[in-house]
Amino acid sequence: MAATRQPHTSTTAADNKEPALKIHPAADLFPMLDRDELLDLAESIRTEGQHEPIVLDSDGVLLDGRNRLAACEIADVEPRFTTYTGADHMRLIMSGNLFRRHISKGQQAMITAMACSVSEHSLRDQAKHHGLSLTRLSNAATVLKHAPHLAEQVRVGTLGLRLRLHRRPRAERPDCRTQGPVRPPS
(Lines give C-alpha, C1' and ligand atoms only; values in the text may rest on other atoms or scores of the structure.)
Protein backbone atom coordinates (compact mmCIF):
# COMPACT_ATOMS: atom_id res chain seq x y z
CA MET A 1 0.00 0.00 0.00
CA ALA A 2 1.12 3.50 -0.68
CA ALA A 3 1.28 6.51 1.58
CA THR A 4 -1.83 8.00 3.10
CA ARG A 5 -3.62 10.46 0.81
CA GLN A 6 -6.94 12.08 0.13
CA PRO A 7 -9.14 10.30 -2.43
CA HIS A 8 -9.93 11.53 -5.90
CA THR A 9 -13.72 11.73 -5.88
CA SER A 10 -16.51 12.92 -8.08
CA THR A 11 -19.71 14.65 -7.05
CA THR A 12 -23.09 13.18 -7.79
CA ALA A 13 -26.06 15.04 -9.19
CA ALA A 14 -28.12 14.11 -6.14
CA ASP A 15 -25.63 15.60 -3.70
CA ASN A 16 -23.73 18.46 -5.29
CA LYS A 17 -21.87 19.46 -2.14
CA GLU A 18 -20.43 16.10 -0.96
CA PRO A 19 -17.97 14.01 -2.95
CA ALA A 20 -19.08 10.41 -3.50
CA LEU A 21 -16.67 7.48 -3.45
CA LYS A 22 -17.30 4.55 -5.72
CA ILE A 23 -17.48 1.29 -3.75
CA HIS A 24 -15.95 -1.90 -5.14
CA PRO A 25 -18.79 -4.44 -5.69
CA ALA A 26 -17.09 -7.08 -3.49
CA ALA A 27 -16.69 -4.61 -0.63
CA ASP A 28 -20.36 -3.75 -0.95
CA LEU A 29 -21.29 -7.40 -0.28
CA PHE A 30 -20.41 -7.07 3.41
CA PRO A 31 -23.24 -5.70 5.54
CA MET A 32 -22.73 -2.34 7.21
CA LEU A 33 -22.60 -2.12 10.99
CA ASP A 34 -25.95 -1.50 12.63
CA ARG A 35 -26.68 2.05 13.81
CA ASP A 36 -25.55 1.50 17.44
CA GLU A 37 -22.27 -0.13 16.37
CA LEU A 38 -21.66 2.68 13.88
CA LEU A 39 -22.26 5.29 16.59
CA ASP A 40 -19.83 3.42 18.89
CA LEU A 41 -17.20 3.41 16.15
CA ALA A 42 -17.79 7.12 15.51
CA GLU A 43 -17.30 7.89 19.20
CA SER A 44 -14.11 5.81 19.25
CA ILE A 45 -12.77 7.66 16.21
CA ARG A 46 -13.72 11.01 17.75
CA THR A 47 -11.89 10.25 21.04
CA GLU A 48 -9.02 7.99 19.93
CA GLY A 49 -8.62 8.79 16.24
CA GLN A 50 -8.93 6.56 13.19
CA HIS A 51 -6.59 3.58 13.76
CA GLU A 52 -6.75 2.08 10.27
CA PRO A 53 -6.85 4.05 7.00
CA ILE A 54 -9.61 3.58 4.44
CA VAL A 55 -8.21 1.63 1.48
CA LEU A 56 -8.75 2.84 -2.09
CA ASP A 57 -7.45 1.50 -5.37
CA SER A 58 -5.44 3.67 -7.76
CA ASP A 59 -8.70 4.89 -9.38
CA GLY A 60 -10.13 6.05 -6.03
CA VAL A 61 -12.55 3.11 -5.66
CA LEU A 62 -13.10 2.15 -2.01
CA LEU A 63 -11.86 -1.38 -1.31
CA ASP A 64 -12.03 -1.45 2.49
CA GLY A 65 -13.38 0.87 5.18
CA ARG A 66 -17.01 1.76 4.42
CA ASN A 67 -17.87 1.68 8.13
CA ARG A 68 -14.82 3.76 9.03
CA LEU A 69 -15.80 6.30 6.38
CA ALA A 70 -19.39 6.49 7.68
CA ALA A 71 -18.15 6.74 11.28
CA CYS A 72 -15.73 9.56 10.35
CA GLU A 73 -18.63 11.45 8.76
CA ILE A 74 -20.75 10.98 11.90
CA ALA A 75 -17.84 12.04 14.14
CA ASP A 76 -17.02 14.99 11.87
CA VAL A 77 -13.43 13.74 11.58
CA GLU A 78 -11.41 14.01 8.36
CA PRO A 79 -10.84 10.37 7.26
CA ARG A 80 -7.39 9.03 6.41
CA PHE A 81 -6.91 7.06 3.16
CA THR A 82 -4.27 4.83 1.67
CA THR A 83 -3.89 3.40 -1.83
CA TYR A 84 -3.65 -0.33 -2.51
CA THR A 85 -1.15 -0.92 -5.30
CA GLY A 86 -1.47 -4.72 -5.48
CA ALA A 87 -3.11 -6.59 -8.32
CA ASP A 88 -5.70 -8.72 -6.49
CA HIS A 89 -8.43 -6.45 -5.13
CA MET A 90 -10.69 -9.41 -4.35
CA ARG A 91 -8.14 -11.08 -2.06
CA LEU A 92 -7.58 -7.84 -0.17
CA ILE A 93 -11.30 -7.26 0.30
CA MET A 94 -12.16 -10.82 1.25
CA SER A 95 -9.24 -11.45 3.59
CA GLY A 96 -9.70 -8.07 5.24
CA ASN A 97 -13.38 -8.61 5.98
CA LEU A 98 -14.31 -12.30 6.29
CA PHE A 99 -12.85 -12.86 9.74
CA ARG A 100 -12.52 -9.33 11.09
CA ARG A 101 -16.27 -8.83 10.91
CA HIS A 102 -18.82 -10.36 13.30
CA ILE A 103 -20.66 -12.43 10.73
CA SER A 104 -21.78 -16.06 10.78
CA LYS A 105 -20.17 -18.90 8.86
CA GLY A 106 -23.21 -18.90 6.56
CA GLN A 107 -22.75 -15.18 5.87
CA GLN A 108 -19.04 -15.75 5.21
CA ALA A 109 -19.88 -18.50 2.74
CA MET A 110 -22.63 -16.51 0.99
CA ILE A 111 -20.50 -13.38 0.63
CA THR A 112 -17.64 -15.49 -0.73
CA ALA A 113 -19.96 -17.25 -3.20
CA MET A 114 -21.34 -13.88 -4.32
CA ALA A 115 -17.82 -12.51 -4.75
CA CYS A 116 -16.79 -15.57 -6.77
CA SER A 117 -19.77 -15.08 -9.06
CA VAL A 118 -18.36 -11.69 -10.15
CA SER A 119 -14.67 -12.63 -10.26
CA GLU A 120 -12.33 -15.17 -11.76
CA HIS A 121 -11.70 -16.86 -8.39
CA SER A 122 -13.05 -20.37 -7.87
CA LEU A 123 -14.89 -21.57 -4.78
CA ARG A 124 -12.13 -24.12 -4.19
CA ASP A 125 -9.43 -21.42 -4.27
CA GLN A 126 -11.41 -19.18 -1.92
CA ALA A 127 -12.08 -22.08 0.47
CA LYS A 128 -8.35 -22.84 0.67
CA HIS A 129 -7.24 -19.21 0.91
CA HIS A 130 -9.70 -18.23 3.65
CA GLY A 131 -9.98 -21.57 5.48
CA LEU A 132 -13.68 -21.96 4.68
CA SER A 133 -15.59 -25.20 4.20
CA LEU A 134 -15.92 -26.05 0.49
CA THR A 135 -19.22 -27.79 1.28
CA ARG A 136 -20.60 -24.65 2.92
CA LEU A 137 -19.40 -22.54 -0.03
CA SER A 138 -21.02 -24.96 -2.48
CA ASN A 139 -24.27 -24.81 -0.49
CA ALA A 140 -24.15 -21.01 -0.59
CA ALA A 141 -23.52 -21.06 -4.35
CA THR A 142 -26.53 -23.36 -4.79
CA VAL A 143 -28.81 -21.01 -2.84
CA LEU A 144 -27.40 -18.04 -4.77
CA LYS A 145 -28.12 -19.73 -8.09
CA HIS A 146 -31.60 -21.06 -7.34
CA ALA A 147 -32.97 -18.60 -4.77
CA PRO A 148 -31.19 -15.23 -4.99
CA HIS A 149 -33.80 -13.57 -2.75
CA LEU A 150 -32.90 -16.04 0.01
CA ALA A 151 -29.18 -15.57 -0.69
CA GLU A 152 -29.58 -11.88 0.11
CA GLN A 153 -31.24 -12.75 3.43
CA VAL A 154 -28.34 -15.06 4.29
CA ARG A 155 -25.83 -12.34 3.31
CA VAL A 156 -27.29 -9.78 5.71
CA GLY A 157 -27.83 -12.35 8.48
CA THR A 158 -31.63 -12.49 8.64
CA LEU A 159 -31.67 -16.14 7.50
CA GLY A 160 -29.25 -18.95 8.28
CA LEU A 161 -27.69 -20.89 5.43
CA ARG A 162 -27.96 -24.31 7.06
CA LEU A 163 -31.64 -24.09 7.90
CA ARG A 164 -32.60 -22.84 4.44
CA LEU A 165 -30.96 -25.76 2.63
CA HIS A 166 -32.93 -28.43 4.45
CA ARG A 167 -36.35 -26.77 4.37
CA ARG A 168 -38.75 -27.75 1.62
CA PRO A 169 -41.68 -25.61 0.51
CA ARG A 170 -44.86 -26.42 2.44
CA ALA A 171 -46.58 -27.86 -0.65
CA GLU A 172 -43.76 -30.42 -1.04
CA ARG A 173 -43.73 -31.57 2.60
CA PRO A 174 -45.43 -34.85 3.43
CA ASP A 175 -48.49 -34.58 5.64
CA CYS A 176 -47.77 -37.07 8.43
CA ARG A 177 -51.33 -36.89 9.76
CA THR A 178 -52.83 -38.39 6.60
CA GLN A 179 -50.02 -40.71 5.50
CA GLY A 180 -49.61 -42.60 8.76
CA PRO A 181 -46.32 -43.76 10.22
CA VAL A 182 -43.39 -44.49 7.96
CA ARG A 183 -42.33 -48.13 8.17
CA PRO A 184 -39.11 -49.58 6.80
CA PRO A 185 -39.55 -52.00 3.88
CA SER A 186 -39.66 -55.71 4.85
Side-chain angles (χ1 to χ4, degrees), residues 1 21-45 48 50-57 61-75 79 82 84 86 88-173:
M1 287 193 221
L21 284 176
K22 242 182 113 176
I23 309 294
H24 190 283
D28 214 20
L29 291 173
F30 290 90
M32 291 290 287
L33 295 175
D34 68 30
R35 183 78 181 149
D36 288 339
E37 292 170 320
L38 199 54
L39 291 172
D40 288 345
L41 180 57
E43 181 60 27
S44 172
I45 288 173
E48 300 172 27
Q50 180 185 341
H51 296 291
E52 297 292 325
I54 296 161
V55 182
L56 308 174
D57 69 8
V61 175
L62 190 144
L63 302 175
D64 186 47
R66 290 181 308 143
N67 287 302
R68 278 170 276 164
L69 182 61
C72 284
E73 290 172 6
I74 291 169
T82 190
Y84 175 69
D88 197 344
H89 295 137
M90 288 294 287
R91 287 225 195 262
L92 172 81
I93 293 165
M94 299 305 286
S95 64
N97 283 285
L98 276 180
F99 302 108
R100 179 180 67 203
R101 304 288 300 276
H102 301 288
I103 58 177
S104 71
K105 296 281 188 190
Q107 284 177 282
Q108 290 175 359
M110 186 56 68
I111 289 167
T112 302
M114 288 174 159
C116 286
S117 73
V118 297
S119 78
E120 70 282 354
H121 296 99
S122 71
L123 289 177
R124 184 175 306 279
D125 289 343
Q126 291 297 307
K128 284 181 186 176
H129 184 74
H130 299 296
L132 298 172
S133 158
L134 183 57
T135 301
R136 187 174 280 124
L137 283 175
S138 297
N139 291 343
T142 300
V143 172
L144 179 61
K145 180 178 179 181
H146 297 289
H149 64 289
L150 296 178
E152 179 60 17
Q153 291 178 41
V154 172
R155 181 187 74 84
V156 298
T158 58
L159 183 66
L161 177 63
R162 199 172 103 202
L163 295 175
R164 175 50 36 205
L165 286 174
H166 300 292
R167 189 178 291 163
R168 295 191 321 204
R170 186 174 294 272
E172 295 176 16
R173 293 183 207 157

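Throughout, residue positions are numbered sequentially from 1 according to the sequence presented.
Looking at every heavy atom in both residues, Leu69 comes nearest to Leu21 through CD2-CD1, 3.6 Å. Closest approach of Gly106 to Val154, counting heavy atoms only: O-CG1, 3.7 Å. Pairing each heavy atom of His146 with each of Pro148, the nearest pair is C-CD, 3.7 Å. When all heavy atoms of Leu38 and Leu33 are compared, the closest pair comes out as N-CB, 4.1 Å. Of all heavy-atom pairs spanning Arg68 and Pro53, the tightest one is NH1-O, 2.6 Å. The two atoms that bring Asp125 and Ser122 nearest to each other are N-OG, 3.0 Å, heavy atoms only.
The number of heavy-atom neighbours closer than 6.0 Å to CD of Glu52, taken from other residues, nucleotides and ligands shown, is 12 or below.
Taking OG1 of Thr158 as the reference point, atom CD of Gln107 lies at 8.5 Å (rounded to 0.5 Å). For the atom pair CD (Gln108) and OG (Ser133), the distance works out to 11.0 Å, reported to the nearest 0.5 Å. Residue Arg124 holds its CZ atom at 12.0 Å from SG of Cys116, rounded to the nearest 0.5 Å. Expressed to the nearest 0.5 Å, how far CG of Asp40 lies from CD1 of Ile45 amounts to 11.5 Å. Note that CG of Asn139 and CE of Met110 are 9.0 Å apart. Values are rounded to the nearest 0.5 Å. Separation of atoms CD (Glu152) and CG (Leu29) is listed at 8.5 Å; rounding is to 0.5 Å.
With a 4.5 Å cut-off on side-chain heavy atoms, Glu48 and Glu43 do not count as touching. His121 is not listed as a side-chain neighbour of Thr112, based on a closest heavy-atom distance of 4.5 Å or more. Using a 4.5 Å heavy-atom threshold, the side chains of Arg35 and Ile74 count as touching. Side-chain contact between Met94 and Ile111: present, with at least one pair of heavy atoms (C-beta onward) separated by less than 4.5 Å.
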Should His24 and Met90 be marked as a side-chain contact (heavy atoms from CB on, under 4.5 Å) after you check the CA-CA gap, both sets of side-chain angles, and the distance that decides it? CA-CA 9 Å; His24 190 283; Met90 288 294 287; 4.0 Å; yes
Would you please test Phe30 and Ile103 for side-chain contact (heavy atoms from CB on, under 4.5 Å) and show each step? CA-CA 9 Å; Phe30 290 90; Ile103 58 177; 4.2 Å; yes
side-chain contact (heavy atoms from CB on, under 4.5 Å) between Asp28 and Arg66, worked out: CA-CA 8 Å; Asp28 214 20; Arg66 290 181 308 143; 3.0 Å; yes
